[in-house]
Amino acid sequence: MTSFRPAPTWLADAVFYQIYPQSFADSDGDGIGDFAGITDHLDHLSWLGVDTVWLNPCFVSPFRDAGYDVADYLNVAPRYGSNDDLAGLVDEAGRRGIRILLDLVAGHTSIDHPWFQAAANDPDDHRYIWTAQGRPDGFVASPGTRPGAYLPNFFDSQPALNFGYARGNPAEPWRLPVDADGPRANRHALRTIMDHWLGLGLAGFRVDMASSLVKDDPGKVETARIWTELRHWLDTAHPDAVLLAEWGEPEVSIPAGFHADFFLHFGGPTDGLALRSLWNNGEGTVEETWDPLDCFFDASGRGSPRPFVEAWRQATTAVDGTGSISLPTSNHDFSRLNCGPRTADQLPAAFAFQLTWPTLPAIYYGDEIGMRYVPGLPDKEGSVLGPRYNRAGSRTPMQWDDTPNAGFSTAPADRLYLPVDPSPDRPTVAAQRADDTSLLPLVRRLIALRRRTPELGSNGSVEVLNVGYPFVYVRGGRYLVVVNPQRHEASCPYAVAVDSALEAQGVEIADGTITAQGFGYGIFELGG
């Protein structure tokens with residue numbers, strides 16, 4: 001395993017919060033969220049207790065894929081404000097002890113990027129992957145004077161940057177080696193982009209499609225070498241910065257140089273089974289090729305935490321303390337916790353688990369109040385990926401209060417980036433801050449408990465006592481966690497003395513038995 005500089009000390013205790021910038025807060029009334037809106041609501045994040053925010057892409061873009069089609073890596077999109085506005089956000093966040101990470105789209109650009117506009121008219125430009133003639137499967141016809149076709153990385157409007165091929169083929173001359181001029185130029189460009197933003201005070205990057213760089217790369221060996229090279233540079237040039245991978249396979253991404261990787265709804269040999277086995281109840285964002293399964297956090301009680309626990313153990317063993325695994329509540333690409341048949345009363349148990357398991361928690365904006373996945377929305381900036389896969393439902397405006405547009409924007413409702421959840425009982429930050437029994441204060445208390453209790457953090461030990469309903473584990477040898485996400489009461493034997501309940505609802509420990517009511521949860525300090 002390659003030796004890297006140890007991760008910055010702040011990462012081990014981080015609680016991530018993901019902001020989809022166009023949907024968080026609109027300061028100027030144009031219907032689209034912006035940097036000033038985020039700045040105006042930093043006190044909410046500070047009060048909640050999160051300390052690390054990552055923003056979805058905010059660079060210049062035609063927004064055919066919600067900003068993941070970058071047209072200028074060094075300037076922000078005017079819809080969000082200016083580079084100075086982003087600098088102001090970073091400064092104000094820093095005053096509150098909050099770090100800001102950007103989303104780095106490393107594997108492709110927009111067809112509107114000047115690099116691509118030049119390459120489309122220059123047969124000697126190898127910044128992208130081009131055929132000299134014809135159009136092989138998966139390629140898109142050249143839009144310029146250059147003959148042939150280019151390879152996209154996601155949508156057709158997102159041409160793949162050329163980082164080379166791990167394996168050559170004389171019949172496919174576009175397969176350049178990883179050390180060819182084009183791939184080397186792109187590796188240099190990545191460093192330039194990262195250096196630019198880190199020099200302005202950003203704390204690091206979440207890297208989109210991090211495994212997609214080198215093509216036909218068995219085991220991602222050559223792609224890993226690129227990230228290893230960048231990590232060594234980062235360790236020297238920006239030792240306090242971090243790289244988070246959208247890879248979904250920590251066993252590969254962390255040895256390659258990432259400080260952390262997310263369990264995702266895709267990735268690895270099981271195509272994201274670990275995360276889907278927790279949250280995915282078959283509603284919201286569903287890929288048709290996924291094997292149907294009953295998730296653990298479902299009222300039916302037919303799921304199991306075992307697939308997650310086994311995947312976590314395997315990844316943790318492989319990583320061996322060299323990096324971290326992050327567990328998100330949801331994100332801009334898959335369903336929120338509150339989705340389909342899952343109701344608000346099922347969410348406290350989910351957060352009790354997520355904020356006490358030895359991973360880095362990542363809270364998607366609005367999940368802390370139980371915002372729901374909104375079905376039936378039209379395609380917005382490439383949100384629809386399949387007949388049952390519309391990402392727009394996870395991207396609706398943040399619900400701040402009961403004023404028009406839920407306090408997100410003063411624009412007319414028909415000018416909003418996406419419509420606000422129309423439910424009359426939609427949750428809001430203001431209402432839940434006024435109600436100590438609601439989800440938001442619970443999430444705040446759980447974050448605070450995690451912060452003051454190192455045994456509950458990402459590095460504390462875990463001993464699983466019952467892999468079922470209820471799910472029972474001990475952290476650091478001192479704290480017992482009980483989670484029962486089904487609607488029915490569940491019990492299991494337990495004979496150790498419990499000193500006190502730190503946060504609990506519907507869990508009783510008596511006569512050698514743990515009894516958890518439906519949707520019950522509890523965090524207990526064990527007796528001395």
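Taken to the nearest 0.5 Å, the CZ atom of Arg395 stands 7.5 Å off from the CD atom of Gln22. Here the straight-line distance linking atom OG1 of Thr329 with atom CG of Leu278 works out to 12.0 Å at 0.5 Å rounding. The structure places OH of Tyr365 at 11.0 Å from CG of Asn331, a figure rounded to the nearest 0.5 Å. Separation of atoms CG (Leu273) and CG (Asn280) is listed at 10.5 Å; rounding is to 0.5 Å. In this structure, CG on Asn405 lies 4.5 Å from CG on Leu416, to the nearest 0.5 angstrom. Distance CG/Leu198 to CG/Asp195: 7.0 Å, rounded to 0.5 Å.
Side chains of Ile369 and Leu439 form no contact here, defined as non-hydrogen atoms less than 4.5 Å apart. Looking only at side-chain heavy atoms (C-beta outward), Trp47 and Leu42 stay at 4.5 Å or farther from each other. The side-chain heavy atoms of Arg452 and Leu449, taken from C-beta on, include a pair separated by under 4.5 Å. Within the 4.5 Å cutoff, the side chain of Leu102 has heavy atoms near those of the Cys58 side chain. Inter-residue side-chain proximity for Asp34 and Arg79 is flagged as unmet; no heavy-atom pair is nearer than 4.5 Å. Using a 4.5 Å heavy-atom cutoff, the side chains of Asp298 and Pro485 are not in contact. Considering only heavy atoms from C-beta on, Pro21 comes within 4.5 Å of Asn56 through its side chain. At least one side-chain heavy atom of Phe163 sits less than 4.5 Å from a side-chain heavy atom of Ile226.
In summary, the aromatic rings of Trp247 and Phe266 are positioned with their centroids too far apart to meet the 6.0 Å limit. Between His232 and Phe4, the distance from one ring center to the other falls under 6.0 angstrom. In this structure, Phe353 has its ring center under 6.0 Å from that of Phe297. Under the 6.0 Å cut-off for aromatic ring centres, His265 and Trp279 do not qualify, their centroids lying 6.0 Å or more apart. Proximity of the aromatic rings of Phe258 and Trp227 is defined here by a centroid distance below 6.0 angstrom, and this criterion is met.
Heavy-atom neighbours of Arg426 CZ from other residues, nucleotides or ligands within 6.0 Å: above the threshold of 12.
Taking 4.0 Å as the cut-off between side-chain N and carboxylate O, Glu310 and Arg313 do not count as a salt-bridged pair. A salt bridge is absent between Glu251 and Lys220: the closest approach of a Lys/Arg side-chain nitrogen to an acidic carboxylate oxygen does not fall below 4.0 angstrom. The existence of a salt bridge linking Asp235 and Arg231 is confirmed by a sub-4.0 Å separation between a basic side-chain nitrogen and an acidic carboxylate oxygen. We find that Asp421 and Arg336 are not joined by a salt bridge, their nearest charged nitrogen and carboxylate oxygen being 4.0 Å or further apart. A salt bridge links Asp43 to Arg96: one of the charged nitrogens lies within less than 4.0 Å of a carboxylate oxygen. Salt-bridge check for Lys215 with Asp217: failed, with every basic side-chain N at 4.0 Å or more from each acidic carboxylate O.
Checking Glu368 against His44 by side-chain atom types alone, a donor-acceptor pair falls below 3.5 Å. Judged by distance alone, the side chains of Ser335 and Thr285 do bring a donor and an acceptor atom under 3.5 Å apart. At a cut-off of 3.5 Å, with distance as the only test, no side-chain donor of Asp65 or Ser157 sits close to an acceptor on the other residue. Using modelled atom types and a 3.5 Å distance limit, the side chains of Ser110 and Asp69 yield no donor-acceptor pair. Tyr17 and Asp51 share no side-chain donor-acceptor pair at under 3.5 Å.
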Apply side-chain contact (heavy atoms from CB on, under 4.5 Å) to residues Val178 and Tyr165 and explain how you reach the verdict. CA-CA 6 Å; Val178 294; Tyr165 278 76; over 6 Å; no
Step by step, work out the side-chain contact (heavy atoms from CB on, under 4.5 Å) result for Asp208 and Leu104. CA-CA 6 Å; Asp208 175 65; Leu104 177 63; over 6 Å; no
For Ile100 and Leu55, run side-chain contact (heavy atoms from CB on, under 4.5 Å): C-alpha distance rounded to whole Å, both residues' side-chain angles, the deciding distance at 0.1 Å, then the answer. CA-CA 8 Å; Ile100 304 293; Leu55 307 175; 4.0 Å; yes
Before giving the answer on side-chain hydrogen bond (donor to acceptor under 3.5 Å, both in side chains), spell out for Tyr68 and His332 the whole-Å C-alpha distance, their side-chain angles and the decisive distance to 0.1 Å. CA-CA 12 Å; Tyr68 282 94; His332 61 291; 3.1 Å; yes
Criterion side-chain contact (heavy atoms from CB on, under 4.5 Å) on Val443 and Ile363, from CA distance to verdict: CA-CA 10 Å; Val443 174; Ile363 299 170; 4.1 Å; yes
Kindly determine whether Asp26 and Tyr417 satisfy side-chain hydrogen bond (donor to acceptor under 3.5 Å, both in side chains), including the steps that lead there. CA-CA 10 Å; Asp26 170 23; Tyr417 175 76; over 6 Å; no
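A donor-acceptor pair under 3.5 Å links the side-chain atoms of Gln432 to the main chain of Leu440, judged by distance alone. Panel note: side chain Glu246, backbone Met209; a donor-acceptor pair is recorded below 3.5 Å. Between the Trp290 side chain and the Arg276 main chain, no donor and acceptor come within less than 3.5 Å of each other. Proximity of a side-chain donor or acceptor of Ser394 to a complementary backbone N or O of Phe334 within less than 3.5 Å is detected. Of the possible polar contacts, one joining the Ser458 side chain to the Ala12 backbone as a donor-acceptor pair under 3.5 Å is found. The closest donor-acceptor contact from the side chain of Arg388 to the backbone of Gly282 lies under 3.5 Å. With hydrogens and angles ignored, the 3.5 Å screen pairs no side-chain donor or acceptor of Arg475 with any backbone N or O of Pro454. For Gln18 (side chain) and Val53 (main-chain N/O), no donor-acceptor pair under 3.5 Å exists by modelled atom type.
Contact record, Gly164 with Pro183: N-CG, 3.5 Å, taken as the closest heavy-atom pair. The two residues Ser383 and Pro378 make their nearest non-hydrogen contact at OG-O, 4.0 Å. Contact between Asp367 and Ser330 at its shortest, heavy atoms only, is OD2-OG, 2.6 Å. What you find for Val15 and Val50 is that their closest heavy atoms are O-CB, 3.6 Å. Among all heavy-atom pairs drawn from Ser253 and Ala245, the shortest one is CB-CB, 4.1 Å. Of all non-hydrogen atoms in Asp40 and Ser27, the two that sit nearest each other are OD2-CB, 4.1 Å.
In summary, of the residues considered (Phe116, Tyr128, Trp115), a ring pair (Phe, Tyr, Trp, His ring centres under 6.0 Å) with Tyr150 occurs for Phe116 alone. Looking at Asp112, Asp156, Asp379 one by one, the single match for salt bridge (charged side-chain N to carboxylate O under 4.0 Å, His left out) with Arg64 turns out to be Asp112. When each of Trp312, Phe308, Trp357 is paired with Tyr473, the ring pair (Phe, Tyr, Trp, His ring centres under 6.0 Å) condition holds for Trp357 and for no other.
Ring geometry for His238 versus Trp233: interplanar angle over 60°, hence perpendicular rather than tilted (30 to 60°). Classified by interplanar angle (parallel below 30°, tilted 30° to 60°, perpendicular above 60°), the ring pair Phe471/Phe296 is perpendicular.
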